[in-house]
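Notes follow the structure.
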Amino acid sequence: MSGIIETSLLAKQVYNVIRGKIIGGKYSPGEKLDIHKLADEFGVSRSPVKDAINQLVHEGLIEIIPRKGTYVTQLNFTDFIELHDARLMIEMWAAQRVIKTISDDQIHQWGQLVQEMNSLLEINPFPFEIYNNLDMKFHRTLVQWTGNKKVQDIYFALNTHVALSRVVYSTSFESTLRRHKDHQDLYEAMRERDLATFLGILQLHIDSVKQESESWWNDLQKSD
């Protein structure tokens with residue numbers, strides 16, 4: 001029994017490391033992953049690595065192509081747009097559910113995340129990965145406030161891919177800066193319990209991501 005528990009713990013640790021490297025861009029979309037090499041790198045047997053890979057396949061971050069190998073998932077541009085449409089739908093629903101009932105204390109804590117993000121803008125070089133994690137936490141907290149576990153699971157899966165897509169489509173400081181103020185505005189609208197303003201800012205926030213990425217994608221296609 002202890003062997004099963006130990007393997008399970010190792011698999012969770014390996015999963016966390018691999019997932020972190022994918023989200024952080026250390027493993028690039030389309031990159032081939034070798035289970036034997038990963039096992040050697042982590043100093044474990046192949047079994048926990050396989051278990052971790054299977055979990056990441058389930059989440060859609062890794063794909064196994066028969067007779068070819070194991071690869072970090074590549075998101076195409078259509079996937080990217082659809083992910084953000086789904087994300088917007090869930091976040092709008094969440095805001096409507098909680099804006100009149102969420103406590104002032106919880107809103108204040110939400111604002112603290114914005115302050116942490118503010119402080120990162122002063123750092124050179126800009127710590128994109130840390131900012132990205134806080135950004136995702138900010139939006140994830142809104143959904144968690146609803147207390148709906150099923151929706152949270154769906155959103156978590158979406159957000160994992162959103163994080164991966166950010167690595168591919170939008171990682172510059174200028175890109176981040178353009179949308180940073182939206183977080184402060186969302187916090188203030190939530191504090192004022194102003195649903196119409198909140199939804200309007202959120203719509204513009206997500207649309208901005210999509211439009212900028214579309215421009216990036218079009219430029220890339222022209223250069224090809």
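Just so you know, these numbers use all the heavy atoms, side chains as well, and skip hydrogens, waters and symmetry mates. Residue numbers count from 1 along this sequence.
- Atom-to-atom distance recorded for Thr70:OG1 and Asn54:CG is 9.0 Å, nearest 0.5 angstrom.
- Both Leu120 and Leu177 are members of a single hydrophobic cluster when ILVMFWY side chains are connected at heavy-atom separations under 4.5 Å.
- Note: Asp40 CG to Ser45 OG = 11.0 Å, rounded to the nearest 0.5 Å.
- Between Tyr15 and Asp51, every side-chain heavy-atom pair lies at or beyond the 4.5 Å cut-off.
- Lys32 meets the salt bridge (Lys or Arg N to Asp or Glu O under 4.0 Å) test with no other residue; sequence neighbours excluded.
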**Message:** Run the salt bridge (charged side-chain N to carboxylate O under 4.0 Å, His left out) test on Lys181 and Asp185 for me, step by step, so that the C-alpha distance in whole Å, both residues' side-chain angles and the decisive distance to 0.1 Å come before the verdict.
**Reply:** CA-CA 6 Å; Lys181 188 177 181 296; Asp185 293 342; 2.9 Å; yes

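- The side chain to side chain donor-acceptor pair (under 3.5 Å) search around Gln106 returns Ser103, not counting sequence neighbours.
- Once rounded to the nearest 0.5 Å, the distance linking CG of Leu134 with CZ of Arg140 reads 10.0 Å.
- When ring centroids are compared, His205 and His84 stay outside the 6.0 Å threshold.
- Taking Gln55 as the reference, Glu59 meet the side chain to side chain donor-acceptor pair (under 3.5 Å) condition, with sequence neighbours excluded.
- For Asp85, the side chain to side chain donor-acceptor pair (under 3.5 Å) partners at least two apart in sequence or on another chain are Lys210.
- Residues Glu41 and Lys37 are not in side-chain contact: their nearest non-hydrogen atoms beyond the backbone lie 4.5 Å or more apart.
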**Asked** Step by step, would you call Tyr155 with Gln144 a side chain to side chain contact (heavy atoms under 4.5 Å, CB included)?
**Response** CA-CA 9 Å; Tyr155 187 79; Gln144 288 173 331; over 6 Å; no

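- Residues forming a side-chain contact (heavy atoms from CB on, under 4.5 Å) with Asn148 (at least two apart in sequence, or on another chain): Trp93, Thr146, Lys150, Val151.
- Every residue was checked against the salt bridge (Lys or Arg N to Asp or Glu O under 4.0 Å) condition with Lys137, not counting sequence neighbours, and none meets it.
- Applying the side-chain contact (heavy atoms from CB on, under 4.5 Å) criterion to Asn16, with sequence neighbours excluded, gives Lys12.
- In this structure, the side chain to side chain donor-acceptor pair (under 3.5 Å) partners of Ser208, at least two apart in sequence or on a different chain, are Arg179.
- In this structure the side chain of Leu38 never reaches within 4.5 angstrom of the side chain of Val14, judged on heavy atoms.
- Taken together through direct or relayed side-chain contacts under 4.5 Å among Ile, Leu, Val, Met, Phe, Trp and Tyr, Met136 and Met89 form parts of separate hydrophobic clusters.
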Using distance only, find each side-chain donor-acceptor pair of residues 193-202 under 3.5 Å and give its atom names and separation, not counting sequence neighbours.
| residue | atom | partner | partner atom | Å |
| --- | --- | --- | --- | --- |
| Arg193 | NH1 | Ile99 | O | 3.1 |
| Arg193 | NH1 | Ile102 | O | 2.5 |
| Arg193 | NH2 | Ile102 | O | 2.9 |
| Arg193 | NH2 | Asp104 | OD1 | 2.7 |
| Asp194 | OD1 | Thr197 | N | 3.2 |
| Asp194 | OD1 | Thr197 | OG1 | 3.2 |
| Asp194 | OD2 | Thr197 | OG1 | 2.7 |

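- Remark: Glu82 pairs with Thr78 by the side-chain contact (heavy atoms from CB on, under 4.5 Å) rule, at least two apart or across chains.
- Put simply, CZ on Arg191 and CD1 on Ile107 are 9.0 Å apart, with the number rounded to the nearest 0.5 Å.
- The closest side-chain heavy-atom distance from Ile62 to Leu33 is below 4.5 Å.
- Hydrophobic clustering, defined by side-chain heavy atoms of Ile, Leu, Val, Met, Phe, Trp and Tyr closer than 4.5 Å, groups Ile65 together with Tyr71.
- Counted by atom type alone, Gln203 and Asp207 present one or more donor-acceptor pairs between their side chains at under 3.5 Å.
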Table please: side-chain donor-acceptor pairs of residues 108-118 below 3.5 Å, with sequence neighbours left out.
| residue | atom | partner | partner atom | Å |
| --- | --- | --- | --- | --- |
| Trp110 | NE1 | Phe138 | O | 2.7 |
| Asn118 | OD1 | His180 | NE2 | 2.4 |

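- Summarising the geometry, atom OG1 belonging to Thr73 is positioned 7.5 Å from atom CD1 belonging to Ile22; distances are rounded to the nearest 0.5 Å.
- Counting heavy atoms from C-beta on, the side chains of Trp145 and Arg97 never come closer than 4.5 Å.
- Atom CG of residue Leu83 and atom CG of residue Leu88 lie 12.5 Å apart, to the nearest 0.5 angstrom.
- Using a 4.5 Å heavy-atom cutoff, the side chains of Leu61 and Val72 are not in contact.
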